[in-house]
Structure formats: C-alpha cells, structure tokens
Chemist: 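Got a structure for you, written out below as structure tokens; questions coming shortly.
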Amino acid sequence: MKNIIAFAASNSKNSINKTFASYVGTQIGNSNLEVLDLNDYELPMFSIEHEQESGIPQKAKDFLHKIQIADAIVISFAEHNGAYSAVFKNLFDWMSRIDGKLWNGVPMLLLATSPGARGGATVLNIAKDRFPYMGGNIVGTFSLPSFNENFQNGTVVNDALKNDLTKEIKALENSL
C-alpha cells in the first residue's frame with residue numbers, strides 16, 4: 001500500500017479544494033490516504049528576522065516531513081487574486097528554508113477548483129511552472145471549473161471532466 005498525502009492549499013474551514021483533494025485521494029487505488037488541513041499547521045508570517053530570532057517553526061518541519069515520507073501528493077489550490085492563498089505561500093516559504101527541493105521528487109497530482117468557469121487555472125499554472133524548481137515531480141494537473149455545478153453528491157458529475165480527471169489519476173497511479 002502506498003501512502004498518499006492530500007491537502008487543499010487553503011485554510012477555509014469549508015474549502016471546496018479540500019473536498020476536491022480528498023475526493024481525488026480516495027480514487028487512487030491500493031493506497032492509504034492522509035488528508036492534511038493547513039489549519040493544523042498555523043505558522044507565523046515568514047520573515048528572515050523571525051527565522052533568525054526564533055528558528056524555523058516545528059509545524060513547518062512537521063508538514064515537510066509528511067511530504068518527504070509520502071509516496072504521492074495530491075494538492076488542490078485555492079486561487080486568491082490569481083495566485084496562491086497566503087496561508088499556502090507562507091507554509092511554502094517556511095518549508096523552502098528547510099529544504100530548497102522540498103517536494104523531494106515525490107510524484108504529484110496538482111489540482112484546482114473554484115466556483116468560477118476557470119476553476120483556478122491561473123494558480124494551477126503558477127504551481128505547475130514553479131514546483132519543478134523545488135523538487136516537484138508533477139505527473140498530472142487538472143482544473144475543475146464551476147465546482148458547484150460539476151461536483152455534486154461527492155463526485156464529479158460532468159462525464160467529460162470525470163474522464164479527464166480519471167486519466168490524471170491513472171497517470172499518478174502509474175508513477176507509483
């Protein structure tokens with residue numbers, strides 16, 4: 001059994017991205033899924049002064065450890081003003097101070113969704129372009145547009161989108 005880490009790059013208590021990441025994680029065969037919540041890893045805002053005065057927070061180290069021991073990672077990005085959410089960017093910054101190649105070559109499926117028609121495509125492209133420089137092994141990406149219309153009763157209801165997503169999940173499974 002492979003260990004899969006899934007999380008939303010969001011701290012919303014009712015995050016549609018957490019719902020989506022969790023759903024995708026359950027679709028990966030022969031695996032154990034752990035869904036992480038960024039609210040459990042609350043960190044001070046990164047600054048070099050804070051790091052010099054107090055060191056790197058233990059919660060950043062703990063989250064990075066989860067990443068490093070995973071067999072695969074599923075992340076669904078919330079899009080805030082066309083970019084990462086502040087909570088994710090802060091965690092990302094802290095982890096990069098520990099290890100510049102923080103994704104550790106672990107196979108990744110990058111996702112995004114939103115209530116809008118673009119489905120977080122802009123932030124997904126930012127992550128897709130940036131993560132390889134940070135040790136990211138991206139084996140698939142998928143943006144789910146119009147979450148409320150296309151995800152109902154715990155599943156993707158649009159057949160074309162579901163087929164496309166299934167292909168991305170299979171690519172992740174084949175990388176394990």
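Only heavy atoms go into these numbers, but all of them, side chains included; no hydrogens, no water, no symmetry mates.
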Chemist: Are V139 and M108 joined in one hydrophobic group, where the rule is that I, L, V, M, F, W and Y side chains link up if heavy atoms are under 4.5 Å apart?
Modeler: no

Chemist: Enter the distance from S31:OG to I4:CD1 here, rounded to the nearest 0.5 Å.
Modeler: 4.5 Å

Chemist: With clusters defined by side-chain heavy atoms of hydrophobic residues (ILVMFWY) lying less than 4.5 Å apart, directly or transitively, does V74 cluster with F20?
Modeler: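 Yes, because F20 and V74 connect within a single hydrophobic cluster, where side-chain heavy atoms sit under 4.5 Å apart.
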
Chemist: E168 side chain to T141 main-chain N or O, any donor-acceptor pair under 3.5 Å?
Modeler: yes

Chemist: Are any non-hydrogen side-chain atoms of T19 and F147 less than 4.5 angstrom apart?
Modeler: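 Sidechains of F147 and T19: in contact.
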
Chemist: Are L64 and L110 connected into the same hydrophobic cluster when the rule is that any two of I, L, V, M, F, W, Y join if their side-chain heavy atoms are below 4.5 Å apart?
Modeler: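 In one cluster: yes.
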
Chemist: Taking E34 for the side chain and I5 for the main chain, is one N or O donor matched with an acceptor at less than 3.5 Å?
Modeler: no

Chemist: Are F131 and F92 near enough that their ring centres are under 6.0 Å apart?
Modeler: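 Ring centres of F92 and F131 closer than 6.0 Å.
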
Chemist: Is K59 salt-bridged to E42, cutoff N-O under 4.0 Å?
Modeler: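 Here K59 does not pair with E42 in a salt bridge, since their nearest N and O are not under 4.0 Å apart.
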
Chemist: What residues, two or more places apart in sequence or in another chain, satisfy side-chain hydrogen bond (donor to acceptor under 3.5 Å, both in side chains) together with T122?
Modeler: R118

Chemist: Main chain of D93, side chain of S96: is a donor-acceptor contact present, judged purely on distance under 3.5 Å?
Modeler: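 Yes; judged by distance alone, with no hydrogens or angles, the pair exists.
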
Chemist: Which heavy atom in S22 sits nearest to a heavy atom in L33, and how many Å separate them?
Modeler: O-CD2, 3.8 Å

Chemist: If you count heavy atoms of other groups shown closer than 6.0 angstrom to CG of N174, is the number above 12?
Modeler: yes

Chemist: Shortest non-hydrogen contact from P107 to S175?
Modeler: CB-OG, 3.3 Å

Chemist: How long is the span from the CD atom in E79 to the CG atom in N17, to the nearest 0.5 Å?
Modeler: 10.0 Å

Chemist: If every non-hydrogen atom of L36 is compared with every non-hydrogen atom of K66, which pair is closest and at what distance?
Modeler: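 Taking L36 first and K66 second, the nearest heavy atoms are CD1-CB, 4.1 Å.
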
Chemist: F7: what forms a ring pair (Phe, Tyr, Trp, His ring centres under 6.0 Å) with it, not counting sequence neighbours?
Modeler: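 Residues passing ring pair (Phe, Tyr, Trp, His ring centres under 6.0 Å) with F7: F63.
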
Chemist: So does N163 have more than 12 non-hydrogen atoms from other groups sitting under 6.0 Å from CG?
Modeler: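 Yes - once you tally the heavy atoms of other residues, nucleotides and ligands closer than 6.0 Å, there are more than 12.
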
